[in-house]
Amino acid sequence: MWADLVGISLSQTPYQAFYIPLGHRQPNAFDQLPLPWVLEQLKPLLEDEELKKVGQNIKYDWIVLKRHGVHLRGIHCDTMIASYLLNPTKHNHNLGEIAREYLDRSVIDYKEVVGMGGKAVTFDQIEPEKAKDYSCEDADLTLQLSHLLLPRLKEEGFKDLFDQVETPLTIVLAKMEMNGVKIDIGLLREFSKEIESQLLQKMERIYGLAGETFNINSSQQLGKILFDKLKLPVIKKTKTGYSTDVEVLTKLSLQHELPMEILSYRNLAKLKSTYVDALPKLVHPKTGRVHTSYNQTVTATGRLSSSDPNLQNIPIRAEEGSRIRQAFISEKGWVIASADYSQIELRILAHLSKDETLREAFRKNEDIHARTASEIFDVPMEKVTPSMRREAKVINFGIIYGMSAYGLSQQLGSEPKIAQVYIDEYFRKYTGVQTYIQKSLEEAKQKGYVTTLLNRRRYLPDINSPNIPIRQASERMAVNTPLQGTAADIIKVAMIHIQDRLEELSLSTKMIMQVHDELVFEVPEEELSKMLPVIHNEMEAVMDLSVPLKVSIHSGKNWAEVH
DNA sequence: ACACGGCGC
DNA sequence: TATCCGCGCCGTGTA
């Protein structure tokens, strides 16, 4: 969304590529062809569904081309995504990295072309001859890699996931990024000023309690005050010194007023710097909206990630946090609609484990945490107290994360022995879940990887490690990844179906955000009554599991109103 | 520029 | 021996 088109490189035969310089502003850039003419020539080819296209990070090219009036079609292979499916835990899937791995060769580093850091220039400042070498290599290697990676994908059983899910999803994401979301900058500026004055007040109070001024944002300086000056007990250490994290400060708050003040200060400072002040800077001058980037090749589990800004970690729980969501608004005459999968990972656990008790609970549409409370505390559903339900909820989520008795006890604030009793009781009632976890661990140890419903794969090289904590970490991943990853599979397919329906029905509704189990739309008021059932049905009917998928959907003027 | 501590989901 | 999965971003401190 922020890029200009400087040149195009193309290849249709390995070891042969062409560079078309278009927008170089550099003394040696003569005889460039006019951009509109070049696009006019290429447009019929790029838009032809029958001409197969291969690229590296195609979503980027798709958006740049779309912004120049070209609708890229016939996408056959994105080498970045091919590499990701073959090994999602690889650190990065840029061209240099995958060319090194699969073609055993090095490539011209982009930084060598444009320079490093502050001295870096934009690509249009590069002499076309030099740009040609870089860009042609890029096109050539991408084509070569596709010839290598596509058969590999097929051999390893990723063809359906690649062709039917990840490749179509790329375009859905491109459209979603281009749609962007409208931000109420005025509201954020007001909020910023309010927080500013609250921070100043808290600062005064903190300096009073500390007996001196210091940089509250510095954990190092804070450590000196808390542990050297005030002699509070050291609860935890980091590599570099005293830990002052939320867990430590919460414990210390029982014996001194300062730690709680610090926590409250940090809370507000985080909100201000990460969201309130950061979001307005990312509003695009041409669209007046914020356009995040969805990364399709980052997570080990198959989830998406979001950056610039990360729209997937906007606060929701706390009161002040919801004020940030109020700033995510719709255009006049439009509304925000949000649809989220309810308890999707536990439902997937029920499906994958075939546990009859868990499946029955979901088929009867019971309150799953109350049901778990009823099972482990051995009381009828109507006798479940709020505190029993709260504990059962922690246990339910702990199961998904492959927790230990210690971890559960930390979460519950109880003794590990008590936590162990709860876990034992859970598995006694949900025997199918216990068997399922045992079987998945055995399979992971034997095969060296785990899979999701759509055969996404995550390798776990340390699953048989003799180092106990390292092995246990892998075991938790072995439990969690199929659940989190299957949820990712499901919502990805739903996104593709919904985008298809929107276009088929010629609707104006726009998909604007995805937050792991939630999809957010901007809907013209007059389309709302038609759209809500479409979204709801597509999401619930996306896959036929042995338990129902449940979606709740709400609309309102901003993102805070729809939860 | 990078590592780290810390923290939002 | 550490203890619940998966991320991205902020400010500090240091090189």
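Within every chain, numbering begins at 1; the chains are lettered A, B, ... in the order of the sequence lines, protein sequences first and strands thereafter.
- When the side-chain nitrogen and oxygen atoms of A:N217 are compared with OP1 and OP2 of C:dT12, one or more of them lie within a distance under 4.0 Å.
- Checking A:D489 against A:T452 by side-chain atom types alone, a donor-acceptor pair falls below 3.5 Å.
- What separates CG of A:N313 from C1' of B:dG6 is a distance of 13 Å, to the nearest Å.
- Here the C1' atom of nucleotide C:dG6 and the OH atom of A:Y401 are 8 Å apart, to the nearest Å.
- Closest approach to the A:A278 side chain among C:dC7, C:dG6, C:dC10 is made by C:dC10 (side chain taken as heavy atoms from C-beta onward).
- Proximity note for A:S273 (side chain, C-beta onward) versus C:dC9, C:dG11, C:dT12: the nearest is C:dG11.
- Taking every side-chain heavy atom of A:Y275 into account, B:dG8 is the closest of B:dG8, C:dT14, B:dG6.
- At least one side-chain nitrogen or oxygen of A:T244 sits closer than 4.0 Å to the OP1 or OP2 atom of B:dG6.
- Taking only distance into account, the side chain of A:Q312 never meets the base of B:dC9 through a donor-acceptor pair shorter than 3.5 Å.
- Distance, A:L304 CG to C:dC5 C1': 16 Å, rounded to whole Å.
- Of the candidate nucleotides C:dT1, C:dC7, C:dC5, C:dT1 has the atom lying nearest to any side-chain atom of A:I468.
- Between A:T274 and C:dG8 there is no side-chain N or O to OP1 or OP2 distance below 4.0 Å.
- A:V515 comes within contact range of no nucleotide atom at all, as no heavy-atom separation falls under 4.0 Å.
- Residue A:S404 is in base contact, counting any heavy-atom pair closer than 4.0 Å across all strands shown.
- For A:Y426 and A:Y430, the distance between ring centers is under 6.0 angstrom.
- To the nearest angstrom, P of C:dG6 lies 16 Å from CE of A:M403.
- If you check distances only, the side chain of A:E345 never reaches the base of C:dC5 with a donor-acceptor pair under 3.5 Å.
- Counting to the nearest Å, the C1' atom of C:dG11 and the CG atom of A:L268 are 16 Å from each other.
- A salt bridge links A:R471 with A:E475: at least one charged nitrogen is closer than 4.0 Å to a carboxylate oxygen.
- Nearest to the side chain of A:N267, among B:dG8, C:dC4, C:dG13, sits B:dG8.
- The main-chain N or O of A:I368 is found under 3.5 Å from a side-chain atom of A:T372 such that the two form a donor-acceptor pair.
- A donor-acceptor pair shorter than 3.5 Å can be found between the side chains of A:K202 and A:S264.
- You'll find a donor-acceptor pair under 3.5 Å spanning the side chain of A:K270 and the base of B:dC7, going by distance alone.
- Taking a centre distance below 5.5 Å and an interplanar angle below 30 degrees as the stacking criterion, A:Y406 stacks against the six-membered base ring of C:dT3.
- Put simply, CE on A:M513 is 15 Å from P on B:dC9, counting in whole angstrom units.
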Name each donor-acceptor pair under 3.5 Å that joins a side chain in residues 460-469 of chain A to protein atoms two or more places apart or in another chain, with its distance.
from   : atom 1 : to     : atom 2 : distance (Å)
A:N464 : ND2    : A:K445 : O      : 2.9
A:S465 : OG     : A:N467 : N      : 3.0
A:N467 : OD1    : A:I470 : N      : 3.4

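- Using a 4.0 Å cut-off between charged nitrogen and carboxylate oxygen, A:E212 and A:K229 count as a salt-bridge pair.
- Position along DNA chain C of the nearest nucleotide to A:R303 versus A:D308 favours A:R303 as the more 5'-ward residue.
- Straight-line distance from the CG atom of A:D462 to the P atom of C:dA2: 16 Å, rounded to whole Å.
- Taking the side chain of A:N310 as heavy atoms from C-beta on, and the options C:dC4, C:dG8, C:dT12, the nearest nucleotide is C:dG8.
- Across residues 188-207 of chain A, not one residue has a non-hydrogen atom less than 4.0 Å from an atom of DNA chain C.
- Using a 4.0 Å heavy-atom criterion, one finds that A:R471 contacts no nucleic acid atom at all.
- A sub-4.0 Å separation between OP1 or OP2 of C:dG8 and a side-chain N or O of A:S305 is present.
- Within the structure, every side-chain polar atom (N or O) of A:R476 is placed at least 4.0 Å from both OP1 and OP2 of C:dT3.
- Within the 3.5 Å criterion, the main-chain N or O of A:V421 finds no donor-acceptor partner in the side chain of A:E425.
- Taking every side-chain heavy atom of A:V246 into account, B:dC7 is the closest of B:dC7, C:dC4, B:dG8.
- Proximity of A:Q221 to the phosphate of C:dG13: a side-chain N or O atom is located under 4.0 Å from OP1 or OP2.
- No donor-acceptor distance shorter than 3.5 angstrom exists from the side chain of A:Y422 to the backbone of A:L408, with no hydrogens or angles considered.
- A side-chain N or O of A:S306 and one of A:T292 form a donor-acceptor pair less than 3.5 Å apart.
- Note on A:T481: nothing from the nucleic acid sits closer than 4.0 angstrom, heavy atoms only.
- You'll find that the side chain of A:H516 is closest to C:dG6, out of C:dT3, B:dG6, C:dG6.
- Summarising the geometry, the separation between CD on A:E518 and P on B:dG8 is reported as 19 Å, rounded to the nearest angstrom.
- The gap from the P atom of B:dG5 to that of C:dT3 amounts to 14 Å, rounded to the nearest Å.
- Nearest nucleotide to the side chain of A:P469, out of C:dC5, C:dC10, C:dA2: C:dA2.
- Here A:S409 lies out of heavy-atom contact (under 4.0 Å) with every strand.
- Note on A:G407: only backbone sugar-phosphate atoms sit closer than 4.0 angstrom, heavy atoms only; bases stay farther off.
- Taking the side chain of A:S218 as heavy atoms from C-beta on, and the options C:dC7, B:dG8, C:dG13, the nearest nucleotide is C:dG13.
- Dashed line: the shortest gap from a side-chain N or O of A:N215 to OP1 or OP2 of C:dT12 is under 4.0 Å.
- Taking the charged nitrogens against the carboxylate oxygens, A:R389 and A:D367 do have a contact shorter than 4.0 Å, which makes a salt bridge.
- Residue contacts shown for A:V479 are absent, as no nucleic acid heavy atom lies under 4.0 Å away.
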